[in-house]
Amino acid sequence: MLNFEQITNLQNKHKQENPTLIREILAKAKNANGLNLDDVAALTTIKKPELLHELFTTAKKIKQQIYGNRLVLFAPLYISNLCNNECLYCAFRASNKALKRSALNQQQIKEETLKLLDQGQKRALLVAGESYPNSGFQYILDSIKTIYETNNAKGDSIRRINVNLAPLPQEEFNQLKKAEIGTYQLFQETYHPDMYKKVHIRGKKADYNWRITAIDRAMQAGIDDVGIGVLFGLANWRFELLALMQHTQYLEQKFGVGPHTISVPRLEPASGSDLSKQPPNAVNDEDFCKLIAILRLAVPFTGLIMSTRETPAMRRQTFELGISQISAGSKTNPGGYNEEEEDASQFSLGDHRPMDEVIRDVASLGFIPSFCTACYRLGRTGEHFMQLAKTGKIKQMCNPNALLTFAEYLYDYASDETKEVGEKLIAKEISEIPTNVRPKFLSMLEQLKQGHRDLYI
Ligand code: SAM
Ligand code: SF4
């Protein structure tokens with residue numbers, strides 16, 4: 001699937017920064033047709049401030065052209081921290097006796113879901129360690145059902161559940177598909193086989209191949225929105241970027257569609273993990289922004305996800321460079337939304353702000369916080385979604401839908417302060433809506449004011 005020799009050759013070929021070549025690649029990237037591996041290898045050599053500035057400016061343009069100023073919001077829902085694996089960077093690893101273990105029961109999952117709903121969330125990312133209670137994989141299926149079936153006092157429910165779960169055998173992926181998940185997310189952590197072996201010392205996760213082939217099994221089960229990612233800080237980021245590109249191209253060739261999203265988690269300190277405190281190949285802030293900008297140019301139509309591992313300042317910086325989805329108000333311990341203590345967390349967070357504050361911040365920067373799930377619910381996923389995205393057709397629907405879900409949030413859940421900022425943003429954005437859909441949008445906005453909900457174009 002991956003061709004390490006090609007990566008080595010490309011890295012040897014592009015050792016030095018070549019300004020003429022880099023400017024040619026940036027010019028080509030402006031067409032939003034993506035980049036090949038050779039281009040990506042060349043861009044990773046950028047050092048000079050003026051070239052870095054040109055890279056960032058190009059990434060900002062592409063982000064604006066394809067995603068406009070929308071940022072999709074979600075929150076993780078950790079249902080269990082039981083785990084049989086020994087990933088040296090993670091607090092959930094089996095040998096960490098200091099961690100309080102729990103797997104939420106269905107009632108507790110319902111309570112966590114209610115907390116998310118009462119904050120105004122509409123998208124949840126279900127997360128668990130790799131060990132399920134007695135009912136085995138059925139526990140995951142039951143949990144998905146519980147989350148979808150939970151309604152809060154306003155009658156709201158989670159509209160899309162994405163999952164971040166250990167690799168499954170084919171049959172369980174088939175069941176996951178039937179449970180109507182949105183995206184199946186799985187990070188390879190590191191594509192570098194030696195580093196992979198070093199940091200995954202026991203348990204099923206020690207098998208590199210079982211993990212890298214999981215996305216194939218998910219797609220074979222008909223899950224056509226898949227998310228991949230790298231845990232940055234393990235192996236060299238330049239290597240990881242090229243491997244990520246190879247994985248993407250492999251999926252495109254085999255299934256006709258690449259990943260729906262790419263996540264860019266950076267290693268954060270985790271309890272009892274020396275490795276997480278001294279990452280073998282720490283990525284500094286400048287390189288982190290660089291790799292996000294390069295990804296934006298290389299795969300312009302793939303969503304890029306930024307979690308609350310990063311600080312508010314770093315998050316703000318990366319929004320315009322290419323990030324299209326963010327988590328907000330996150331807790332990474334099972335039951336975390338209903339309790340104060342956090343000693344069962346997976347890693348420490350950089351952004352602790354409540355969701356309402358994040359939304360206010362995002363809106364005051366001019367980004368539209370979006371809870372839109374229209375594509376998924378109308379079957380616009382996988383290749384179908386990519387076709388709409390690549391022909392630019394999706395854009396006509398995205399901003400109006402984002403604004404409608406944002407308006408819903410403002411009416412139902414926002415603080416007065418956020419409402420004020422948000423309503424100003426909506427008023428400003430109305431003039432940007434294409435004239436062919438504006439009347440429909442305005443009529444839906446009016447219906448929302450009168451109490452109708454869940455409207456989309
Ligand atoms: N247990 C499953 C697995 O490993 O695939 C499911 C998800 S795991 C709870 C979610 C992700 O958290 C991992 O894929 C890893 O990238 C990330 N993670 C683990 N430890 C981390 C740390 N110290 N800092 C940042 N991210 C971390
Ligand atoms: Fe378990 Fe996942 Fe943490 Fe590894 S990263 S110890 S598999 S929860």
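Order of appearance sets the numbers: ligands from 1, and atoms from 1 within every ligand.
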Test the R217-W210 pair against the cation-pi criterion, namely NZ or CZ under 6.0 angstrom from the six-membered ring centroid and within 45° of the ring axis. yes

Salt bridge present between D287 and K290 (N-O < 4.0 angstrom): yes

Protein heavy-atom partner closest to atom 21 (C) of ligand 1 - residue, atom, separation in Å: F347 CD2, 3.5 Å

Taking atom 7 (S) of ligand 2 as the reference point, the nearest protein heavy atom with its distance: N85 ND2, 3.3 Å

Aromatic ring centroids of F319 and F367 under 6.0 Å? yes

Could you list which atoms of ligand 2 come closer than 4.0 Å to a heavy atom of R93? 6 (S)

So does E268 pair up with R309, basic N to acidic O under 4.0 Å? no

Using a 4.0 Å cutoff against the non-hydrogen atoms of A270, which atoms of ligand 1 qualify? 23 (N)

Protein residue, atom and distance nearest to atom 1 (Fe) of ligand 2, heavy-atom basis: C83 SG, 2.3 Å

Closest to atom 20 (N) of ligand 1 among protein heavy atoms sits Y89 CD1, 3.4 Å

Which of the ligand 1 atoms, numbered from 1, are nearer than 4.0 Å to a heavy atom of L186: 5 (O)

Between F4 and F239, what is the ring plane arrangement, given parallel below 30°, perpendicular above 60°, and tilted in between? parallel

Contact atoms of ligand 2, heavy-atom distance to G129 under 4.0 Å: 8 (S)

Can you list the steps and then say if K15 with T45 is a side chain to side chain contact (heavy atoms under 4.5 Å, CB included)? CA-CA 7 Å; K15 280 199 162 133; T45 61; over 6 Å; no

Of the side chain and backbone of A128, name the one, both, or neither that has a heavy atom under 4.0 Å from an atom of ligand 1. backbone

Quick one: which ligand 1 atoms are inside 4.0 Å of a heavy atom on V127? 7 (C), 9 (C)

Heavy atoms only, cut-off 4.0 Å: how does F187 contact ligand 1, side chain, backbone, both, or neither? side chain

Using a heavy-atom cut-off of under 4.0 Å, does the side chain or the backbone of R266 touch ligand 1, or both, or neither? backbone

Ligand 1 versus N85: contacting region, heavy-atom distance under 4.0 Å: neither

Centroid separation under 6.0 Å, is that true for the rings of H200 and Y89? yes

Any N or O on S276 sitting closer than 3.5 Å to an N or O of ligand 1? no

With no hydrogens and no angle check, just 3.5 Å: does a side-chain donor-acceptor pair link T261 and Q325? no

Using 0.5 Å steps for rounding, measure from the CD1 atom of I292 to the CG atom of L304. 7.5 Å

Option passing salt bridge (Lys or Arg N to Asp or Glu O under 4.0 Å) with D454 (candidates K122, K154, R377): R377

Below a 4.0 angstrom heavy-atom separation, can you tell me which part of R211, side chain or backbone, both or neither, approaches ligand 1? side chain

Tell me whether E130 is salt-bridged to K205, with the criterion being a basic N under 4.0 Å from an acidic carboxylate O. no

When you check the gap from the basic side-chain N to the acidic O, do K115 and E111 get nearer than 4.0 Å? no

Please check if any side-chain donor atom of Y184 sits under 3.5 Å from a side-chain acceptor atom of N162, or the reverse. no

What part of L231, side chain, backbone, both or neither, has a heavy atom within less than 4.0 angstrom of ligand 1? side chain

When you measure from atom 2 (Fe) of ligand 2 to every protein heavy atom, which one gives the shortest distance, and what is it? K205 NZ, 3.9 Å

Check ligand 2 against C87 and write out every atom of the ligand that is under 4.0 Å from a heavy-atom position of the residue. 4 (Fe), 5 (S), 6 (S), 7 (S)

Just by distance, with hydrogens left out, do Q253 and Q249 show a side-chain donor and acceptor under 3.5 Å apart? no

Closest protein heavy atom (residue, atom, distance) for atom 7 (C) of ligand 1: N164 OD1, 3.0 Å

Which protein non-hydrogen atom lies closest to atom 24 (N) of ligand 1, naming both residue and atom, and how far is it? E268 N, 2.9 Å

May I ask you to check whether C90 brings an N, O or S atom to under 2.8 Å from atom 3 (Fe) of ligand 2? yes

protein heavy-atom neighbour closest to atom 25 (C) of ligand 1 works out as R309 NE, 3.1 Å

Would you say ligand 1 has an N or O under 3.5 Å from any N or O of E189? yes

What residue and atom, counting heavy atoms only, is the protein's closest point to atom 4 (O) of ligand 1, and at what distance? K205 NZ, 2.8 Å

List the closest protein heavy-atom neighbour of atom 8 (S) of ligand 1: residue, atom name, distance to the nearest 0.1 Å. Q346 NE2, 3.4 Å

Between E112 and N338, a side-chain donor and acceptor under 3.5 Å: yes

